[in-house]
2 protein chains.
Amino acid sequence: MESSRKGRTSPTITDVAELAGVSRAIASRALSHESRPVSADKRARVLEAAEKLGFKPNLLARSLTTKTVNLIAVIVNHIHDFSDLDLFDFLIGEIQSIGKQVIFVRVGSVQRAEEFLRNGVAYHVDAALVFSDFAAAADVRKMFRNAAVLMLNGMHDGTSPSVVPNEVIGITEAVADAAGKGVATAAMVTGRISSPVEQSRIATYKSEMKRHGIRLVAELRGDYSYASGRQMAQSSGWTDVDAVFCTSDAMAMGVMDVHREAFPHNKPARFRLYGFDNLSLTDFEAYPISSIGYDKKAYVGEILRFLTRTGEVAGDRVDVTVPTFFVSRATS
Amino acid sequence: MESSRKGRTSPTITDVAELAGVSRAIASRALSHESRPVSADKRARVLEAAEKLGFKPNLLARSLTTKTVNLIAVIVNHIHDFSDLDLFDFLIGEIQSIGKQVIFVRVGSVQRAEEFLRNGVAYHVDAALVFSDFAAAADVRKMFRNAAVLMLNGMHDGTSPSVVPNEVIGITEAVADAAGKGVATAAMVTGRISSPVEQSRIATYKSEMKRHGIRLVAELRGDYSYASGRQMAQSSGWTDVDAVFCTSDAMAMGVMDVHREAFPHNKPARFRLYGFDNLSLTDFEAYPISSIGYDKKAYVGEILRFLTRTGEVAGDRVDVTVPTFFVSRATS
DNA sequence: CTGTTAGCGCGTTCAC
DNA sequence: GTGAACGCGCTAACAG
């Protein structure tokens, strides 16, 4: 049968070609964004026909031959953390601005993540941005058909490119700030020790404290959350120190709420408090916590550079780094 | 040429059929989830071959004939608001639990939203969950190929189904709480007046205040954000009242920070403060704001019911409602 | 520059 | 039960 279907299905390129009186290939070229050879005459007729029919190409069908869907997968553990909020809104907007859309995948339970990923459409994306640390780079790569995998979780194996904030800079500044104010003893409130990012973060704090002669008196293990910050602050392991370094702002907020009396008029009376993440929440009057942040524009800029890089100029800039910096607020 | 491709492309069903020594149709049936007629013998061979090759069907190609991709679009204005954080993590997890994945679309500038949507893969999703209020239901429907559109932004036209929290309940309780505590005058800090949700919210507050004989002394217009809450609290329009009703918790937090001295030991001394959203942040010690919330499990449950409904049992339950409730905390 | 042909990978008739 | 053949919508490759 000829194409003129009556059904309520949307018009295809065949309908357009038919109406314009040209072959499908010509219609395809005329409608292509790239300039392919078509006579001005026919091009006009095709465009007119397409307009008249309200034709929209089926991107899924197109991907079958072009091997590209303009879809980016964003893989996260979850989006409970406040720090996510600051970042993802901006990131999604930027990705959309280059004509791609985002499949948001929450790995959560981590368990059958691989099976889950390989059985979903996310398996077919052009690129995957991996914030979650549910698997090593090599394993993650297997979970995407032909996708370019960018590791943003601090893990990298030299094959998959990565972008990570260089936390050494900010931590160095923060500890130096404390030392300059006469801090001699300190406690740390840490997050998930299983995370490699957290491990190197802690190591950096320790070596910087050592360099400045600050004695680490206690190390309390939380899980980055506000609740765990409160819990640590009330625990038996809590001791008197000159400063408390938390590896997340949320935990620092919990600590601050438990020890409100230690910050009369928001000034530190008993100990100085340092957070991490530079949440926008720390601009709230109730939580003026000194923190460590990084330039999100620069960070997302690197991610976009990865997504828009032409062809395989890999090898080049495998592991990219973005500087962090210390932000001094009332609590220090 | 026979199929045995050497390229690094992933195995197709043709490869599986070849290895199993059966036709492609048989392989397709054997691999189908639904029970189609295949001899046990061949079925076993096919499954074994698929396993050996690590075959994964191309979901994009499949969608070409099945007209379903198991993709859900979630359309938002942006994800700046803290209230989003509480909801989306849960929502995405639930959607994934029924075997579907999520395309997250941030409409943002609202301008060429239609063009943007129709030119992206999101156009081809199975269903769209519309939190953004960038367009009316009828217009939104045109932006998705064959998708079922669920309006979650308070807009509905009787054709597209919707789920909305019934805010009247919570507001009624909140105003009654104030009246019971002797509140006689009040101010309102509102959000984007252009939103129909906001308009009806304000109207409900007003009628409830009227019923209880509470006089509305001032109406300040913010934008839901913490910053705008601070701004309103410092503006010239600010006056002495017995209670302040804010249409978002974030604004209430801003108000509270500007008037900290009005809440010694977190108890209201000069005026009572009511928020809206019941953010998890209001469980923080620094912002114990009485608020209005709703059962997110019930809300997401209704959304899932929509996504999993069998075929077109439409007409049935077009506009669904979820009750809100008042949560009393220290500020009231 | 043009039109025809041959796929992309998969599901589904429809005869056998 | 089986397999050949066709269609989904589109584009790359190849002749003209």
Give the nucleotide from the list dG3(D), dG9(C), dG9(D) with an atom nearest to the side chain of Ala25(B). dG3(D)

Rounded to whole angstrom units, what separation is found between the CG atom of Leu60(B) and the P atom of dT11(D)? 14 Å

Looking at Ser28(B), I'd like to know whether one of its side-chain N or O atoms comes within less than 4.0 Å of OP1 or OP2 on dG11(C). yes

Between C1' of dG9(D) and CG of Leu53(A), the distance in whole Å: 15 Å

Interatomic distance where CG belongs to Asn58(B) and P belongs to dG9(D) [whole Å]: 16 Å

Testing dG9(D), dC14(D), dT2(D) for proximity to the side chain of Leu64(A), the answer is dG9(D)

Estimate the overall bend of the helix from dC1(C)-dG16(D) to dC16(C)-dG1(D) from the end axes over five pairs each, rounded to 10 degrees. 50°

Residue pairs meeting side chain to side chain donor-acceptor pair (under 3.5 Å), one or both in residues 93-103 of chain B, sequence neighbours left out, come to Asn70(B)-Lys100(B)

Interatomic distance where CG belongs to Leu59(A) and C1' belongs to dG9(D) [whole Å]: 11 Å

Would you tell me whether Lys56(B) and Asn119(A) have side-chain atoms, one donor and one acceptor, within less than 3.5 Å of each other? yes

May I ask you to check whether Tyr299(B) and Tyr294(B) place their ring centres under 6.0 Å from each other? yes

Under 4.0 Å between a side-chain N/O of Arg62(A) and OP1 or OP2 of dG9(D), yes or no? no

I'd like to know if the side chain of Arg45(A) and the backbone of Ala20(A) have a donor-acceptor N/O pair within less than 3.5 Å. yes

note: Asn146(B), atom CG; dC8(D), atom P; distance rounded to Å ~ 14 Å

Has Lys42(B) got a side-chain N or O lying under 4.0 Å from the OP1 or OP2 atom of dG1(D)? no

NZ/NE/NH1/NH2 to OD/OE distance under 4.0 Å, Arg192(A) and Asp133(A): yes

Is there a side-chain polar atom (N or O) of Thr65(A) under 4.0 Å from OP1 or OP2 of dT11(D)? no

Any cation-pi pair here, Lys296(B) with Phe90(B), using under 6.0 Å and within 45°? no

Distance check needed: dT13(C) C1' versus Arg24(B) CZ, whole Å only. 14 Å

Here the distance between atom P of dT12(C) and atom CG of Leu31(B), to the nearest Å, is 13 Å

Ala61(A) or Val22(B), whichever maps to the more 5' nucleotide of DNA chain D: Val22(B)

Provide the full list of salt bridge (Lys or Arg N to Asp or Glu O under 4.0 Å) pairs with a residue in residues 135-161 of chain B, sequence neighbours left out, each pair given once. Asp139(B)-Lys142(B), Arg141(B)-Asp157(B)

Phosphate contact (dA12(D) OP1 or OP2) by Lys67(A) side-chain N/O below 4.0 Å: no

Closest-nucleotide mapping onto DNA chain D: is Arg29(A) or Ile26(B) further toward the 5' terminus? I mean the 5' end. Ile26(B)

Rounded interatomic separation in angstrom, taking NZ from Lys56(A) and P from dC8(D): 22 Å

What nucleic acid atoms does Ser39(B) come within less than 4.0 Å of, heavy atoms only: base, sugar-phosphate, or nothing? sugar-phosphate

Angle class for the Phe104(A)/Phe104(B) ring planes (parallel below 30°, perpendicular above 60°, tilted otherwise)? tilted

